[in-house]
Amino acid sequence: MSAFKELLKTDRRFLIGFFIIVTVIILAFMSFFSPYKPDERHVLPKDQSPSLQHPLGTSSLGQDIFWLLTFAIKNSLIIGLLAVFFSRIGAIAIGLLSGYIGGNTDKVLTTLADSFIVLPRLPILILLSFAFRSNLNFLTMAFLLAFLDWAWPSKRYRSQILSLKEMEFTTTAIFSGRRTLGVILKEHIPFLIPYIMADFISGFLWAIGMEITLSVLGLSNLDTPTIGTMIYWANYYQAMLKGTWWWIGPPVIALIITVIGFYLLSVSIGNFLDPRTRIQRIGGWRTE
Amino acid sequence: MIVIFVGVTIVFIVPRLTPMDPVQSIISRVTALVDTDPRAVEKLVETLTDLYGLRGSLLEQYLRFWKHLLSGDLGPSLTMFPASVVDIIKISLPWTIGLMTISTIIAWLLGIILGTLAGYFSNKRWSQILGTVVMCIYPIPYYIIALILVLLFAYLLPIFPLMGGASIGLKPSFSWSFITSLLKHGFLPAISLVIGTIGWIFMSQRALISRLVASDFIVFAETASLPRKKILSYLIRNSMLPQITDLALSLGGIFSGAIITEQVFSYPGIGVVLYSAILQGDFNLMMGISIFSIIGIATAALVLDLIYPLLDPRIRYK
């Protein structure tokens, strides 16, 4: 908690990022109070420009854009979180396995990861989501994204483990009689946690970006409002040509703000945990 | 080599595990137009399965596939039937390679130069502004960048054409009109690619440089008051290794095309071909393009291993 307070005080990036994320989460929670259902269409007059009654206007499908946006943000966040959750669990498990066990297990797992890295990810993602389009919900979508995004992170976790294993304190812990599991949980995981946090955010951003890409190509479940499907429908009804900028604008802007917010958080956390800047902050060692 | 093998195998198996059936989709397209005798349809299915190389169990198909692949035959395209996969790739690949090579290299050079300057003069005001701008652009998904560019420069200010690789009707040649039209059509897609990729290069380069600036030999060079240019060139030389790796891998990756770019800007490259192949269940075409891409990346990795000692004399292979 003290780290959190210090970050809020010292790092402007953290402050801005935190503020953005809180706003976005509040917006997402507002969807529970929406007067309209997310799949309701043609309940309002079409193509109305923003007014007091409809703060962001209405779409060509007769939806209130503000409330639709709250649903979209909520769903996009959920998909991103689920995807990053699955992919990082896989990545961490595989990275730890091949880092700790080594030998043949390591060889097999590394080859597998390398093969996934050379795969053209986007085409395969398009193929799979096209093939399973009919039963694509949050979970399957998240699984698909996770399936294609575990290889790089698992390699990075593996290399972290390998360098941790060589550290002196590992040997000390082993000689003082700690069991292997104890060493992993008590000595190594604390070192990995900051790294995992920054990695989580970058995976999260990737997942959100991919969700949008797929939706815009019309390959996800288009009835669930997400930021991507909102853009899809706005494009579909040619919001740009018609001049209904309040339809295409909000999802784009909401997305940009969200990703910048999360990114600022990850940069600031990463910076905070970097041992070199830590030393600089304490004032013990300066580079100039 | 093993990586290529496993990668190709995954690309082979994945589409065949999906419930898509290219033969059925062709049949349904044919029977939708004309009423046909069911027995004729049955025969047709048989012939098509045979022609497409989809007969037999997965293992048989797989063995046959490798036999053909090793003799350089990627089979016919399933949707544009008599045309072979190699021919289709040959038509669209130059567009993609032209667009992507140029924009990748521009983004790389620009990113390196700006990143080096921003890392070296990290206390200057312009460097901090530049850093903030890049930090705000970097996390934005690529599609959104492309969309905003289209909004701004093709709808609001119609400076650039909305679609195509060159004006319709112009034959590829070295005439003035073709080249200007090519540049005009390629400009927006290229800019979007540059913006989309420069963020990462800029930031990694800046991080590398700011680490190097603190190292002894640079401190020494500063105290010896060597000219700025010389110091900067030392910095660039010493930060080159990871950046060359990035460049080579992204150049190797261009064979799978920029699906999104080509889709948004309707550019006639390999990405669009791949996209429609996927949607129509054209296994062979998908495989062909993916194999190109896998081999591209794997070759890039191999070439890198070979040229590392040239770039950095400290690396020697025994």
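Naming convention: chains lettered A, B, ... in sequence-line order (proteins, then strands); numbering from 1 in each chain. Values in this document were obtained by computation on a predicted structure and should not be read as measured data.
With hydrogens and angles ignored, the 3.5 Å screen pairs a side-chain donor or acceptor of B:S127 with a backbone N or O of B:A118.
The nearest pair of heavy atoms linking B:S192 to B:I145 is O-CG2, 4.3 Å.
Contacts of A:I126 with chain B are made by both backbone and side-chain atoms, with heavy-atom separations under 4.5 Å. Both the backbone and the side chain of A:I260 come within contact range of chain B, with heavy atoms under 4.5 Å apart. Proximity to chain A (any heavy atom under 4.5 Å) is restricted, for B:I144, to the side chain, taken from C-beta onward. For A:I208, no part lies under 4.5 angstrom from a heavy atom of chain B. Interface remark: B:I295 contributes no atoms to any contact with chain A (heavy atom separation under 4.5 Å). Contact of B:Y142 with chain A is not made at all, since no heavy-atom distance falls under 4.5 Å.
The shortest distance between side-chain heavy atoms of B:I148 and B:I140 does not fall below 4.5 Å.
Shown here is A:F19, whose CZ atom has no more than 12 heavy atoms of other residues, nucleotides or ligands within 6.0 Å.
Remark: aromatic rings of A:F147 and A:F116 are close, center separation under 6.0 Å.
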